[in-house]
Amino acid sequence: NLLLLRRRYNTTPETLLREKRNTTPQSPPAPNQSKSPASSSRSGGPARAGEMDPDEVKSKLQGLAFGNVLAAAARDYKKEVIAKEKAQAAPAIHDEVDLDELLDDPELEKLHAERLAALKREVEKREVLKRQGHGEYREITEGDFLGEVTRGDKVICHFYHREFYRCKIMDKHLKALAPVYLGTKFVKLDAENAPFFVAKLAIKTLPCVILFK
C-alpha cells in the first residue's frame, strides 16, 4: 500500500506517517482539570508554587520604604555632625593667628603711618581754611570784597537787600551749606552799600548769588 501511495502521490513514507499522526483526533481536556491563577487567587485558595502572596509583597515594600527613610535620616544626621565639627574647628584656626606678628608687620605699620599722616594733613588744612573764613556764612563790606574773593579757590557771594524776603530765604540756605562744604567760602554783601561792584558785575535782580573761582 505504501508503495502504491508513493507512486500515486510521489511522497515519501516519512511524510505519510507525519500526516497520519497530525490527523489523529486528540481527546478533549477533562473539565475542571486546572484553574487559572486569577481564579485561584479570587477564590482564596492556596497560591501555586512560584507565586507570592499579596500581603507578603505589601509587607516587603513597606519594609523597603522604611529602610530608605532610615538611610536618609542617617545621612542628614551625618551632615549635621560634620557641619558642627567644622564650625567648632573654625574659631580654633583663627585663634592660632599671632597678634604680635600682625603688630610687627612692616606693611601694616607703613599703612598705619600713611593713614595718620593723611589725617594730620586734613586737620591742618581745615584749620587753615577756618582761619581764612571758611566754614561760616559771613557778611563783608565793599572794601573787603576783592580780598575775600581773590584769596580763596571757591567763593560764593550773595548780593542781597535787607528788605527783600527772598534774600532772607537765600541767607537761610547758604548758612546751612557753609559748614558742610568747608572748601568753599560763603559770604554776603549788601547791594545798596556796594554800588561799584553791582554796576561792574551788571547785577539787575536780587537775590543774586555769584561763584568766584
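Values reported hereafter were calculated over all heavy atoms of this structure, with side chains retained and with hydrogens, waters and symmetry mates removed.
With sequence neighbours left out, D76 forms a side chain to side chain donor-acceptor pair (under 3.5 Å) with no residue at all. V187 meets the side-chain contact (heavy atoms from CB on, under 4.5 Å) test with R138, I140, V155, C157, K185; sequence neighbours excluded. For F196, the side-chain contact (heavy atoms from CB on, under 4.5 Å) criterion is met by E142, K200, not counting sequence neighbours. Under the ring pair (Phe, Tyr, Trp, His ring centres under 6.0 Å) criterion, F197 pairs with F145, not counting sequence neighbours. When the side-chain contact (heavy atoms from CB on, under 4.5 Å) test is applied to L119, the partners found at least two apart in sequence or on another chain are R115. In this structure E136 satisfies the side chain to side chain donor-acceptor pair (under 3.5 Å) test with no other residue, sequence neighbours excluded. Checked against side-chain contact (heavy atoms from CB on, under 4.5 Å), E114 has the following partners two or more places apart in sequence or in another chain: K110, L111. H161 is linked by a side chain to side chain donor-acceptor pair (under 3.5 Å) to E192, counting only residues two or more places apart in sequence or in another chain. For R121, the salt bridge (charged side-chain N to carboxylate O under 4.0 Å, His left out) test picks out no residue, with sequence neighbours left out.
The pair D190-R162 meets the salt-bridge criterion, with a side-chain N (NZ, NE, NH1 or NH2) lying under 4.0 Å from an Asp/Glu carboxylate O.
Other members of the hydrophobic cluster containing L177, listed by chain and number, are Y137, I156, M170, L174, V180, Y181, F186, V209, L211; membership follows side-chain contacts under 4.5 Å among ILVMFWY residues, whether direct or relayed. Think of Y160 as one node in a network of Ile, Leu, Val, Met, Phe, Trp and Tyr side chains linked at under 4.5 Å; it has no links at all.
Heavy-atom neighbours of D153 CG from other residues, nucleotides or ligands within 6.0 Å: at or below the threshold of 12. Sparse packing is recorded around CD of E163, with 12 or fewer heavy atoms of other residues, nucleotides or ligands lying under 6.0 Å away.
Closest of all the heavy-atom pairs between V198 and A191 is CG2-O, 3.7 Å.
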Check the pair L201 / F159 against side chain to side chain contact (heavy atoms under 4.5 Å, CB included), numbers first and verdict last. CA-CA 11 Å; L201 297 173; F159 290 85; 3.7 Å; yes

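Rounded to the nearest 0.5 Å, atoms NE2 (H112) and CD (E107) are 15.0 Å apart.
Pairs engaging residues 165-177 under the salt bridge (charged side-chain N to carboxylate O under 4.0 Å, His left out) rule: D171-K188 [sequence neighbours left out].
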